[in-house]
Amino acid sequence: MNRITNEAKQLLNRGLDAHLRIGVTGLSRAGKTAFITSFVDQLLHTSTHDNLPLLAAQRDARVLGARRVPQKNLLTPRFNLDGSYESLTLASPQWPTPTRDVSEIRIAIKYKPSSKARKLISRHATLYVDLVDYPGEWLLDLPMLEMDFQAWSEQQILRLQQIDLPEVEAWLARSQHLDYDESNDDKLLNEVAAQYTKLLLDLKSKGYQLIQPGRFVLPGELADAPVVLFFPYTSKNKPAKNSAINLLSKRYKEYQQQVIKPFYRHYFSSFDRQILLVDVLTPLNQGEHAFSDMQVALTEIMKSFSYGKNSLIRRLFSPRTDKLLFAATKADHITPDQYSNLNLLLRHLVQPIWQHVSFESVSMECMPFASIKSTDAGVVEQKGKSIPVINGTTIDGNELTLYPGEVPATLPKPEFWGKQGFDFVNFRPQNYVEATPLPHIGMDKVMQFLLGDKLR
Ligand SMILES: Nc1nc2c(ncn2[C@@H]2O[C@H](COP(=O)(O)OP(=O)(O)OP(=O)(O)O)[C@@H](O)[C@H]2O)c(=O)[nH]1
Ligand SMILES: [Mg+2]
């Protein structure tokens, strides 16, 4: 009893209310907006529905309710939850529109504490949760902090040379052989820089995900600023002191100091927990180049999470993330018998970081889930055999029942791409039934991992 009273006294001084800041990231189209929309929507329905059986506090009927409250951080744009609802409630429901910048939203969850000490203090407590949506592409810039302009240029040019596309060849042929030394004028330089950004956007639309610098394709408020107008350039001769080409390395340095570092200082190091959303299924469908590119991009992204004593991240910032979740999104595109394969495949993808991060006492987990379920799973009988299927409405409005195929449980071997046994179809969200939570697969498990222990 004494121990409980002591703990209660401590809590009394500190107060029961707590605050959790969760970073939600993933490459473009990974499903961040759908995730935050569903996360908030599920919480808003906790007092009226049993929508989250695996969230312990809700299962034990201790969640009294949740509501949106004004965010504390006044400099970050507000997450457009109403915009998401508008799209989802259309007569033909649509997915929320793509987002291009960081945004956040705050929810207050009122609950009954379960621990004896907490109950002594008050019958109610509030957990404030900030969800911050930020592009995974920004994490791809971390390695740039350890390279000077020359080293970065050499690496990028090499990478571009390995891509067998005429537009890449054309850009390389032009950009590396122009005479930028003619005058101090940066017009030509800006022109080639704009073409470089266009090339990166082009590559992105073709499924390449390893795009550096990440801000070039998602510049937010930096669009057209000189700091995002440079490109890799390797020259054998040292350029003249006041030639325009020197602007490239100046802008590169500025990008390191004014763009990459502040991002890690202001956002990354402020997260208590992070979820990295990975869309494994789309690249699996697009083919070998998209899949292996995603794999390299993921490995680069994960460097931001391996903060051992000597890591760059630790030297520059002090991140405080104690939980990290890798989540395979859009699991409603496959039949339930494939969920475990999807999870195993995700585990293989994040393997390079797994051991390393566990040593840093960051708790990690992998799981498959769907933020907004757009299909129903079932079984059809064919020639006396039961075949698992999913059924939904395609983006074009046609009802479709199909078996999308097997998800490989390990990294696909070259033969896999030859047979391409995976058939991925984009479904539109199901019709929204008013006053009910959005249908999901496994959001409760995701939420239990991210905030379950804070609702005790
Ligand atoms: N079936 C299904 N599709 C999903 C789900 N979540 C996202 N999607 C699909 O993935 C697309 C991208 O989802 P978003 O939530 O907009 O992804 P994002 O990461 O916010 O994308 P950007 O803002 O462009 O970076 C959607 O338009 C849907 O087509 C899901 O839970 N189920
Ligand atoms: Mg988005």
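Keep in mind the model is a prediction, meaning the values are calculated, not measured. Read the numbers this way: they start at 1 and go in the same order the structure lists the ligands and their atoms.
- Of the options His289, Glu167, Gln286, a side chain to side chain donor-acceptor pair (under 3.5 Å) to Lys206 is made by Glu167 and by none of the others.
- Using a 4.0 Å cutoff on heavy atoms, Ser374 counts as a contact of ligand 1.
- Counting heavy atoms under 4.0 Å from ligand 1, residue His333 touches it through the side chain alone.
- A distance below 6.0 Å separates the ring centres of Phe230 and Phe216.
- Taking the six-membered ring where tryptophan is involved, the planes of Phe149 and Trp152 are tilted, since the angle between them lies from 30° to 60°.
- What sits closest to atom 24 (O) of ligand 1 on the protein, heavy atoms only, is Arg29 NH1, 2.8 Å.
- Heavy-atom distances between Pro135 and ligand 1 stay at or above 4.0 Å for every pair.
- In this structure, the protein non-hydrogen atom closest to atom 10 (O) of ligand 1 is Lys330 NZ, 2.9 Å.
- Using a 4.0 Å cut-off between a side-chain N of Lys or Arg and a carboxylate O of Asp or Glu, Glu104 and Arg21 qualify as a salt bridge.
- Contacts between Thr99 and ligand 1, counted as non-hydrogen atom pairs separated by less than 4.0 Å, involve both the backbone and the side chain.
- Under a 4.0 Å heavy-atom criterion, Thr329 is not in contact with ligand 1.
- At least one heavy atom of Arg100 sits closer than 4.0 Å to an atom of ligand 1.
- The aromatic rings of Phe263 and Tyr134 lie tilted to each other, with the angle between the two planes from 30° to 60°.
- At a 3.5 angstrom cut-off on N or O pairs, Ala34 counts as close to ligand 1.
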